Amino acid sequence: MPRPPSFDREQVIERATEVFWRRGYGGTTVADLVEATGLKPGSLYAAFGNKKGVFLEVLRTYQTDSAAHLEASLREHDSPIEAIGGFFRGLIDETCDDAHHRGCLMVNAMLEYSSHDSDVRQELVAGLTRVERLFRGALQRARDAGELDPRLDAAAAAAFLVNNLWGIRVMCRRQPSREAVEGVVQTVLAALVGGADQRGSMRRM
């Protein structure tokens, strides 16, 4: 019987996340992971298979944590619209206060590596689907509470929010001004609230 791993897997993933986030997938070597995690190469391979195996687990953990943060944010207010607005306004500080301009690990992986590997692409699509589902639930609650036009297509509006969320994350990589990010967030929220009345694409046809 093989012996169970004698290391803290959560801590290993946390340290590996920092390496991938800082260097990207292509710029990270197994030697980098060995140095960061303190595992011997044999232990790393036994636990994760290879570098991609570590990366996939990093993505799963990152996406789970991100979804949990979003879900908590969307439940912070009695008003679903206020909750969505609070989440997007929080992105302003998150984006502008990132001294290293690392952006979002999911976005970085999508831009760098997803087109070359179906496993990574599948993992990222699963994460996007989870985020979109959370937004859709909040939008449905807002519609049911009378905060949004009852004709609003919650699925289309959720996709709209996800697309803009990723766009804001990408902005972080080019060191935007706070005013620029605030402008984008204000436009997104204004389009959401006014969308059912002014934009046929968000209405049920």
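FYI, side chains are in, hydrogens and waters are out, and symmetry mates aren't considered; it's all heavy atoms of this structure. For reference, positions follow the sequence shown, starting with 1. Everything numeric in this text was worked out from a predicted model, so none of it was measured.
Looking only at distances, a side-chain donor or acceptor of Arg143 sits under 3.5 Å from a matching main-chain atom of Leu152. No donor-acceptor pair closer than 3.5 Å links the side chain of Arg136 to the backbone N or O of Ala159. Not one N or O on the side chain of Asp144 forms a donor-acceptor pair closer than 3.5 Å with the backbone of Arg141. Side chain of Gln140 to backbone of Ala154: no donor-acceptor contact under 3.5 angstrom is found. Looking only at distances, a side-chain donor or acceptor of Asn164 sits under 3.5 Å from a matching main-chain atom of Phe160. Here the side chain of Ser43 pairs no donor or acceptor atom with the backbone of Leu39 at under 3.5 angstrom. Side chain of Gln63 to backbone of Glu123: a donor-acceptor contact under 3.5 angstrom is found.
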- Query: Is there a side chain to side chain contact (heavy atoms under 4.5 Å, CB included) between Leu128 and Trp166 once you walk through the steps?
  - Reply: CA-CA 10 Å; Leu128 278 175; Trp166 277 56; 3.0 Å; yes

- Can Leu161 and Leu139 be said to form a side chain to side chain contact (heavy atoms under 4.5 Å, CB included), step by step? CA-CA 10 Å; Leu161 290 179; Leu139 290 163; 4.1 Å; yes

- Please walk me through it: do Arg89 and Glu182 pass salt bridge (charged side-chain N to carboxylate O under 4.0 Å, His left out)? CA-CA 8 Å; Arg89 284 188 288 271; Glu182 287 175 345; over 6 Å; no

- Task: May I have the step-by-step check of side chain to side chain contact (heavy atoms under 4.5 Å, CB included) for Ile84 and His77, ending in yes or no?
- Result: CA-CA 9 Å; Ile84 292 171; His77 297 275; over 6 Å; no

- Task: Carefully, step by step, assess Val12 and Phe48 under the rule side chain to side chain contact (heavy atoms under 4.5 Å, CB included).
- Result: CA-CA 11 Å; Val12 166; Phe48 301 100; 4.0 Å; yes

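Heavy atoms only, all atoms of each residue included: Ala138 and Pro80 are closest at O-CB, 3.4 Å. Contact record, Ala83 with Ser73: CB-O, 3.6 Å, taken as the closest heavy-atom pair. Closest heavy-atom contact between Lys51 and Tyr25: NZ-O, 3.0 Å. Of all heavy-atom pairs between Val162 and Glu132, the closest is CG2-CA, 3.7 Å. Phe135 approaches Ala158 most closely through the heavy-atom pair CB-CB, 4.0 Å. Closest of all the heavy-atom pairs between Leu105 and Tyr62 is N-OH, 3.3 Å.
Linking Ile, Leu, Val, Met, Phe, Trp and Tyr whenever their side-chain heavy atoms come within less than 4.5 Å leaves Leu134 and Val125 in two separate clusters.
Glu57 places a side-chain heavy atom less than 4.5 Å from the side chain of Arg9. Phe20 is not listed as a side-chain neighbour of Leu59, based on a closest heavy-atom distance of 4.5 Å or more. In this structure the side chain of Thr28 never reaches within 4.5 angstrom of the side chain of Arg22, judged on heavy atoms. The side-chain heavy atoms of Val19 and Arg23, taken from C-beta on, include a pair separated by under 4.5 Å. Leu91 has its side chain out of reach of Val181: every pair of non-hydrogen atoms, C-beta onward, lies at least 4.5 Å apart. Looking only at side-chain heavy atoms (C-beta outward), Lys40 and Val34 stay at 4.5 Å or farther from each other.
Put simply, CG on Leu124 and CZ on Arg60 are 11.0 Å apart, with the number rounded to the nearest 0.5 Å. Here the straight-line distance linking atom CZ of Phe88 with atom CG of Leu189 works out to 7.0 Å at 0.5 Å rounding. Separation of atoms CD (Glu76) and CD (Glu82) is listed at 12.0 Å; rounding is to 0.5 Å. Rounding to the nearest 0.5 Å places OG1 of Thr37 at 9.0 Å from CD1 of Ile13. Summarising the geometry, atom CD1 belonging to Ile168 is positioned 10.0 Å from atom CD belonging to Glu94; distances are rounded to the nearest 0.5 Å. Separating the CE atom in Met106 from the SG atom in Cys104 is a distance of 5.5 Å, to the nearest 0.5 Å.
The environment of Glu14 atom CD is sparse: at most 12 non-hydrogen atoms of other residues, nucleotides or ligands sit within 6.0 angstrom. Within 6.0 Å of CD in Glu35 there are 12 or fewer heavy atoms belonging to other residues, nucleotides or ligands. The number of heavy-atom neighbours closer than 6.0 Å to CD of Gln122, taken from other residues, nucleotides and ligands shown, is 12 or below.
In summary, Arg178 and Asp93 engage in a salt bridge, as defined by a charged side-chain N under 4.0 Å from a carboxylate O.
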